[in-house]
Amino acid sequence: MKTLPIPVVAASVVLVLSIPVWAERIWDSELKRYLTEQEMMHAEVYLTEEEALKLMFPRSERIRKETLRLSPEQKARVESRIGWKFPEESFEVYIGKTGATVDGYAMVQNTIGKHKPMTYMVGVDAQGRCTNVELLVFREARGSEVRMKRFNVQYEGKTVFDPIRINKDIINISGATMSVRSMSAGVKRALVLIDELYLKPQGIGSDTVQTRQAEKGFFGSLFGF
């Protein structure tokens, strides 16, 4: 039996292993050049999940984590409501409680910024309002201004009834448009997920709110108040 010479095999192995993970070149249309290795490997960590949870639930007695798995029907319904498709079929949800009362929910979101995903946590209260947004990890060379409270405070108080879009109810950051769009999309998804999987089953979701608003409008016009 004829075998390959050892030097040839060894050389082949070295050749394969020497290809860097960033070898796939990515063109940046704004910079009008390919991203450098340093830019491709960039990752800035601002908060751990544990640190972010303390900001989301500052007064909760305890925090429980559970995995939220979507059925195909639930996933399709959420995608229809937010207006875009996503690959994830499960999410980790943190639930803050004091006694028997649910203080709120928090979800880690990963959405694509300009070239790579950004990781942030979205807090939602027991009535479905956004309470806080904190950037955990940013992997782009530009656009990390979305971590600043003077920007992301815009999301506080938003619900599933709000557009949560640039030029609608969110003011953009010059030079960080993709980051703003990414974070806005994630906040909207978190609000809809909490609404669909937690609030609606309790009878306090968006469908209940809409029904009450419709009834109030009907009786208000009927009786003049």
Side-chain angles (χ1 to χ4, degrees), residues 46-71 74-75 77-84 86 88-111 117-137 146-149 151-166 168-170 179-213:
Y46 295 104
L47 289 171
T48 64
E49 287 192 17
E50 291 73 17
E51 291 169 335
L53 285 170
K54 291 178 182 179
L55 299 174
M56 298 292 162
F57 306 111
R59 292 180 291 276
S60 294
E61 291 179 352
R62 60 192 182 280
I63 301 171
R64 184 180 84 251
K65 181 172 76 171
E66 63 183 37
T67 300
L68 182 65
R69 292 185 173 83
L70 304 180
S71 68
Q74 290 170 330
K75 186 171 183 292
R77 189 159 58 249
V78 171
E79 289 175 337
S80 176
R81 291 185 64 183
I82 64 177
W84 55 283
F86 52 87
E88 299 96 328
E89 296 180 349
S90 64
F91 297 87
E92 289 185 342
V93 182
Y94 294 92
I95 304 174
K97 298 188 74 175
T98 299
T101 303
V102 173
D103 299 321
Y105 310 86
M107 298 183 68
V108 173
Q109 296 287 284
N110 288 285
T111 51
M118 50 191 286
T119 303
Y120 48 100
M121 187 176 287
V122 180
V124 183
D125 70 14
Q127 287 73 48
R129 297 179 295 245
C130 180
T131 56
N132 194 5
V133 179
E134 296 291 343
L135 183 64
L136 276 60
V137 185
V146 292
R147 76 184 187 279
M148 305 302 291
K149 188 51 61 179
F151 165 75
N152 60 44
V153 71
Q154 296 181 90
Y155 298 111
E156 295 180 15
K158 298 295 185 186
T159 72
V160 294
F161 298 111
D162 293 300
I164 315 183
R165 292 178 58 188
I166 294 175
K168 292 289 186 179
D169 54 346
I170 299 298
S179 296
V180 176
R181 286 177 178 167
S182 177
M183 182 169 281
S184 298
V187 171
K188 185 76 171 185
R189 180 171 66 176
L191 288 169
V192 172
L193 284 166
I194 296 300
D195 184 56
E196 285 286 342
L197 280 301
Y198 288 95
L199 303 186
K200 281 187 176 183
Q202 297 178 56
I204 56 175
S206 58
D207 50 355
T208 304
V209 172
Q210 286 177 321
T211 299
R212 288 174 179 170
Q213 289 177 339

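Owing to the predicted nature of the structure, the values given are computational and were not obtained by experimental measurement.
- Contacts classified as salt bridge (Lys or Arg N to Asp or Glu O under 4.0 Å) and involving residues 157-166 (residues at least two apart or in different chains) are given here: Lys158-Asp169.
- Nearest heavy atoms, Tyr120 versus Thr111: OH-OG1, 2.7 Å.
- When side chains are defined from C-beta on, Tyr46 does not count as touching Glu51, because their heavy atoms never get closer than 4.5 Å.
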* To do: In sequence, state the C-alpha distance, the side-chain angles, and the governing distance for Val93 and Ile194, and then conclude on side-chain contact (heavy atoms from CB on, under 4.5 Å).
  => CA-CA 9 Å; Val93 182; Ile194 296 300; 4.2 Å; yes

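- Using a distance-only test at 3.5 Å, with no hydrogens or angles considered, no donor-acceptor pair links the side chain of Arg69 to the main chain of Phe91.
- Heavy-atom neighbours of Glu89 CD from other residues, nucleotides or ligands within 6.0 Å: at or below the threshold of 12.
- Every residue meeting the salt bridge (Lys or Arg N to Asp or Glu O under 4.0 Å) condition with Lys65, not counting sequence neighbours, appears here in chain and number order: Glu92.
- Rounded to the nearest 0.5 angstrom, Ser71 OG and Arg77 CZ are separated by 6.5 Å.
- When all heavy atoms of Val146 and Asn152 are compared, the closest pair comes out as O-ND2, 3.2 Å.
- In this structure, the separation between CZ on Arg129 and OG1 on Thr159 is 9.0 Å, given to the nearest 0.5 Å.
- Here the OG atom belonging to Ser90 is positioned 8.0 Å from the CG atom belonging to Leu68, to the nearest 0.5 angstrom.
- Every residue meeting the side chain to side chain contact (heavy atoms under 4.5 Å, CB included) condition with Gln202, not counting sequence neighbours, appears here in chain and number order: Tyr105, Tyr198, Leu199, Ile204.
- Each salt bridge (Lys or Arg N to Asp or Glu O under 4.0 Å) pair with one or both residues in residues 179-193, not counting sequence neighbours, appears once here: Glu88-Arg189.
- For residues 96-105, there are no salt bridge (Lys or Arg N to Asp or Glu O under 4.0 Å) pairs, not counting sequence neighbours.
- Taking CE of Met118 as the reference point, atom CE of Met183 lies at 4.0 Å (rounded to 0.5 Å).
- The two atoms that bring Val133 and Cys130 nearest to each other are CG2-SG, 3.9 Å, heavy atoms only.
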* Yes or no on side-chain contact (heavy atoms from CB on, under 4.5 Å) for Phe57 and Thr98, after CA distance, side-chain angles and deciding distance? -> CA-CA 10 Å; Phe57 306 111; Thr98 299; over 6 Å; no

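- The shortest heavy-atom contact between Gly99 and Arg62 is O-NH2, 2.6 Å.
- Note on Lys75 versus Glu79: salt bridge recorded, some NZ/NE/NH1/NH2 to OD/OE distance being below 4.0 Å.
- Taking each heavy atom of Gly205 and Asp195 in turn, the nearest pair found is CA-OD1, 3.3 Å.
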* Asn132 vs Lys149, side-chain contact (heavy atoms from CB on, under 4.5 Å): CA-CA, chis, key distance, verdict -> CA-CA 9 Å; Asn132 194 5; Lys149 188 51 61 179; 2.7 Å; yes

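- Rounding to the nearest 0.5 angstrom, the gap separating the CD atom in Gln74 from the CG atom in Leu197 is 5.0 Å.
- Two residues are said to be in side-chain contact when any heavy atoms from C-beta on lie closer than 4.5 Å; Met56 and Ile63 fail this criterion.
- Taking all atoms of both residues into account, the shortest heavy-atom contact from Tyr155 to Val180 is OH-O, 3.7 Å.
- Side-chain contact between Leu70 and Phe86 is present, with at least one heavy-atom pair separated by less than 4.5 Å.
- Considering only residues two or more places apart in sequence or on other chains, Glu49 meets the side chain to side chain contact (heavy atoms under 4.5 Å, CB included) condition with Tyr94, Val108, Met121, Leu136.
- Separating the CG atom in Leu191 from the CD1 atom in Ile82 is a distance of 11.0 Å, to the nearest 0.5 Å.
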